[in-house]
Amino acid sequence: MHAELVLGEGLRVGRKRIARLMAAAGIQGIFTRRRKGCTRRNPADAPADDLVKRDFNATGQGQLWVSDVTEHPTHEGKVYLAVVLDAWSRRVVGWSIADHMRTELVVDALQMAIWRRRPAGQTIVHSDRGSQYTAWAFGRRPRAAGLLGSMGAVGDALDNAMAESFFGTLQRELLDRRQWASRKELAQAIFDYIEAFYNPRRHSSIGNLSPVEFEALHSYKQDAA
């Protein structure tokens with residue numbers, strides 16, 4: 001709230017005053033519920049090594065992507081979402097929505113990221129050890145694009161903390177705000193959230209810039225240099 005008023009609206013106001021006015025008006029932030037994971041491991045599949053070791057501080061665009069899957073119910077049944085985030089800018093660069101949790105869900109999200117970013121170097125693609133990510137069909141796609149696969153330990157959310165954090169924000173700001181009548185309704189809401197709200201919105205972790213602004217500023221500095 002403070003960042004939006006000061007940076008977005010150009011107002012001169014202190015954090016304590018904002019907190020006081022919000023309390024007086026009965027306004028408070030919404031809370032994140034504990035996310036129910038949907039990781040299913042296939043013991044027969046071979047996982048990749050952990051190349052990240054919980055260090056998500058990528059120093060350049062496209063050096064590290066993180067990916068994960070979440071699910072949410074509607075009156076018609078569950079909707080599944082796979083995302084790929086650039087750890088450097090926090091931008092969602094690839095996503096896929098479906099009514100299933102098969103391997104093509106995560107392959108489609110990765111393929112979108114590849115089409116959008118066309119990574120030239122050896123980008124690391126980090127995930128958990130869910131069966132979708134350890135499957136042969138997913139493993140061959142990063143290799144074919146010159147990417148490096150990486151996976152955290154089984155059942156340890158901290159090993160993929162950045163993706164978990166995104167889903168926590170998604171649940172707090174969208175999924176848990178209402179009941180969803182249909183898969184189509186929720187899928188459209190997720191699309192709008194990612195492309196029209198999350199990516200263009202300010203993030204404190206990148207200096208109160210939006211991922212879109214952060215990348216544009218970095219590109220400008222590179223050109224100026």
Side-chain angles (χ1 to χ4, degrees), residues 30 32-45 47-48 65-86 90-117 125-145 147 149-152 154-155 157 159-201 211:
I30 49 180
T32 304
R33 67 177 173 86
R34 183 179 178 85
R35 186 171 82 90
K36 181 181 178 182
C38 52
T39 300
R40 306 289 186 271
R41 186 188 177 204
N42 184 350
D45 292 331
W65 292 348
V66 297
S67 184
D68 201 356
V69 177
T70 194
E71 61 185 37
H72 197 76
T74 72
H75 295 319
E76 286 184 342
K78 290 182 178 180
V79 167
Y80 297 91
L81 168 67
V83 298
V84 178
L85 292 94
D86 191 319
R90 306 300 197 269
R91 187 170 186 170
V92 177
V93 294
W95 52 268
S96 178
I97 303 171
D99 61 357
H100 61 78
M101 204 168 55
R102 296 190 294 272
T103 301
E104 54 259 44
L105 176 71
V106 296
V107 172
D108 288 347
L110 178 61
Q111 187 61 60
M112 177 187 285
I114 293 171
W115 284 338
R116 283 181 163 184
R117 293 307 173 107
V125 182
H126 185 74
S127 69
D128 61 23
R129 298 194 182 194
S131 59
Q132 301 88 356
Y133 292 104
T134 57
W136 176 83
F138 178 82
R140 67 187 293 270
R141 189 64 196 93
R143 291 193 296 271
L147 311 179
S150 172
M151 293 181 184
V154 176
D159 282 358
N160 202 14
M162 183 172 290
E164 294 281 348
S165 176
F166 168 77
F167 282 138
T169 301
L170 176 69
Q171 286 175 337
R172 181 177 68 249
E173 296 181 340
L174 176 69
L175 300 182
D176 291 347
R177 301 298 298 274
R178 51 173 290 191
Q179 297 290 317
W180 302 94
S182 68
R183 290 188 176 103
K184 182 178 180 181
E185 179 187 40
L186 180 52
Q188 182 62 53
I190 292 173
F191 167 80
D192 291 341
Y193 176 84
I194 291 174
E195 298 296 349
F197 183 72
Y198 179 84
N199 280 341
R201 187 193 62 180

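Values below: all heavy atoms of this structure, side chains included; hydrogens, waters and symmetry mates excluded. Start at 1 with the first residue, then count along the sequence.
Between R177 and R172 there is no side-chain heavy-atom pair separated by less than 4.5 Å. The shortest side-chain heavy-atom distance between F167 and N160 does not fall under the 4.5 Å cut-off. Side-chain contact between D68 and S127: absent, with no pair of heavy atoms (C-beta onward) separated by less than 4.5 Å.
The nearest pair of heavy atoms linking T134 to M151 is CG2-SD, 3.6 Å. When all heavy atoms of R201 and P211 are compared, the closest pair comes out as O-CD, 3.3 Å. Across every non-hydrogen atom of H72 and D176, the tightest pair is CE1-OD1, 3.3 Å. When all heavy atoms of L105 and S96 are compared, the closest pair comes out as O-CB, 3.2 Å. In terms of heavy-atom proximity, V84 sits nearest to S67 at CG2-OG, 3.8 Å. In this structure, E185 and A181 approach most closely via the heavy-atom pair OE1-N, 2.8 Å.
Qualifying ring-ring contact (aromatic ring centres under 6.0 Å, His included) partners for F138, counting only residues two or more places apart in sequence or in other chains: Y133. In this structure, the side chain to side chain contact (heavy atoms under 4.5 Å, CB included) partners of E195, at least two apart in sequence or on a different chain, are W95, R116, F191, N199. In this structure A187 satisfies the side chain to side chain contact (heavy atoms under 4.5 Å, CB included) test together with I97, sequence neighbours excluded.
From M101, atom CE reaches atom CG of L81 across 12.5 Å, with rounding to the nearest 0.5 Å. Remark: L186 CG to D99 CG distance equals 12.0 Å, nearest 0.5 Å. In this structure, CZ on R183 lies 6.0 Å from CD on E76, to the nearest 0.5 angstrom. Expressed to the nearest 0.5 Å, how far OG of S131 lies from CZ of R102 amounts to 12.0 Å. Residue D159 holds its CG atom at 8.5 Å from CZ of R129, rounded to the nearest 0.5 Å.
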Worksheet entry | L174/D192 under side chain to side chain contact (heavy atoms under 4.5 Å, CB included): CA gap, chis, key distance, verdict | CA-CA 10 Å; L174 176 69; D192 291 341; over 6 Å; no

Side chain to side chain contact (heavy atoms under 4.5 Å, CB included) between W180 and I190, worked out: CA-CA 11 Å; W180 302 94; I190 292 173; over 6 Å; no

Exercise. Kindly indicate, with the supporting measurements, whether the criterion side chain to side chain contact (heavy atoms under 4.5 Å, CB included) is fulfilled by L110 and L147.
Key: CA-CA 11 Å; L110 178 61; L147 311 179; 4.2 Å; yes

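Ion pairing between E104 and R141 fails under the 4.0 Å rule for side-chain N and carboxylate O.
For R117 and W115, the positive end is not near the middle of the six-membered ring at less than 6.0 Å and at most 45° from its axis.
In this pair, F166 and Y198 present their aromatic rings perpendicular. The plane angle is above 60°, beyond the 30 to 60° band.
Not one N or O on the side chain of R91 forms a donor-acceptor pair closer than 3.5 Å with the backbone of L85.
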